[in-house]
Amino acid sequence: MERSLKPQISADFGRIIFQSTYVADCVQLIAAMNPCRCGHLGDPALACSRAPRCAADYQAKVSGPLLDRIDLHVEVQAVTAADLVLPPPAEGSAEVAARVAAARRVQTARYAGSKLRTNAEVDGERLEEVAGPDEAGRQLLAQAAAAMKLSARGYTRVLRVARTIADLAGAERVGRVHVAEALSYRRRAPVN
């Protein structure tokens, strides 16, 4: 089946045929939300009097299965006026873009000759083959899976993200450090 980013809809004798690749092939979801209703969770100067219950109630409005499908959860603190006068980061956008392009080339080469294009698409035995971590990484992942109560989907997503982190670092094998970073991006319960 040829990949197409445009779903095809056709009507044939009163029935509708919808042909498309998986949504993951067509859509990249980027979402943002405040940690609680007022948005001040964790800010000692503006702390909510209902925290952490307020945050738990607010975040519970988003379903667990939906959250489990999000690969990267990153908490971003509010930018202060003092932050605005800091020097620029050591690694600029051009350097990051170059690392991402290099990682994509590695993935293109890795999946050449198959229908796969990126680590996000691989699963099953092939995922274990390309993203199976070293022994230290495997032990960390097993411990974290139990402690964090990772679903099978969450476990698979950690492996995919760890493989991508290893690609960005130029590493051939997924190691403990890559697994640890991938685990750090999984959703955690709200804290004050």
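This one's a predicted model, so the numbers in the text were calculated from it and none came from an experiment.
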May I ask you to check whether over 12 heavy atoms, not counting those of [X], lie within 6.0 Å of atom [atom1]?
| X | atom1 | answer |
| --- | --- | --- |
| R138 | CZ | yes |
| R110 | CZ | yes |
| E125 | CD | no |
| E172 | CD | no |

Identify the two heavy atoms, one from [X] and one from [Y], that lie closest to each other, and give their separation to 0.1 Å.
| X | Y | answer |
| --- | --- | --- |
| I165 | A182 | CD1-N, 3.6 Å |
| L183 | A144 | CD1-CB, 3.4 Å |
| R163 | A131 | CB-CB, 3.7 Å |
| A55 | L41 | CB-CD2, 3.6 Å |
| A145 | Y155 | CB-CD1, 4.2 Å |

TODO: For the pair R176 (side chain) and L140 (backbone), establish whether a donor and an acceptor sit closer than 3.5 Å, ignoring hydrogens and angles.
DONE: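 Not at all, since once roles are kept as given, no pair shorter than 3.5 Å links the two residues.
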
- [ ] Please confirm whether the backbone N or O of P35 pairs with a side-chain atom of Q59, one donor and one acceptor, at under 3.5 Å?
- [x]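 Present.
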
Task: Candidate pair T118 and T108, rule side chain to side chain contact (heavy atoms under 4.5 Å, CB included), full reasoning - done: CA-CA 7 Å; T118 65; T108 299; over 6 Å; no

Open item on the list: Apply the hydrophobic cluster definition, ILVMFWY joined by side-chain contacts under 4.5 Å directly or through others, and give me every member besides V79.
Closed with: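 Reading the cluster by chain and number, V79 sits alongside L84.
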
Open item on the list: Quick one about Y111 and N119 (side-chain donor to acceptor, distance below 3.5 Å, no hydrogens or angles considered), yes or no?
Closed with: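 A pair is found: one side chain offers a donor N or O, the other an acceptor, under 3.5 Å apart.
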
Joint cluster assignment, [X] & [Y], ILVMFWY side-chain distance < 4.5 Å:
| X | Y | result |
| --- | --- | --- |
| V177 | V161 | no |
| L150 | L159 | yes |
| L127 | V158 | yes |
| V62 | I30 | no |

Atom pair [atom1]/[atom2] of [X] and [Y] - distance to nearest 0.5 Å:
| X | Y | atom1 | atom2 | result |
| --- | --- | --- | --- | --- |
| L72 | S184 | CG | OG | 9.0 Å |
| Q143 | M148 | CD | CE | 12.5 Å |
| N34 | Y58 | CG | OH | 5.0 Å |
| Q107 | R117 | CD | CZ | 11.0 Å |
| I70 | R187 | CD1 | CZ | 9.0 Å |
| L141 | H178 | CG | NE2 | 14.0 Å |

TODO: Begin from the C-alpha positions of R50 and R37 and carry the test side chain to side chain contact (heavy atoms under 4.5 Å, CB included) through to its verdict.
DONE: CA-CA 10 Å; R50 294 189 55 234; R37 196 166 40 112; 3.7 Å; yes

Task: Stepwise side chain to side chain donor-acceptor pair (under 3.5 Å) test for D83 and T80 - done: CA-CA 5 Å; D83 293 332; T80 66; 3.1 Å; yes

Task: Basic-acidic side-chain contact under 4.0 Å: R157, D71 - done: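 So R157 pairs with D71 through a salt bridge.
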
Task: Salt bridge flag under 4.0 Å for residues D167 and R104 - done: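 No salt bridge links D167 with R104.
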
Task: Which residues share a salt bridge (Lys or Arg N to Asp or Glu O under 4.0 Å) with D123, sequence neighbours left out - done: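 Per chain and number, D123 pairs via salt bridge (Lys or Arg N to Asp or Glu O under 4.0 Å) with no residue.
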
TODO: Please list, chain by chain and in numerical order, all residues satisfying salt bridge (Lys or Arg N to Asp or Glu O under 4.0 Å) with E91, sequence neighbours excluded.
DONE: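 With neighbours one apart ignored, the set is R99.
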
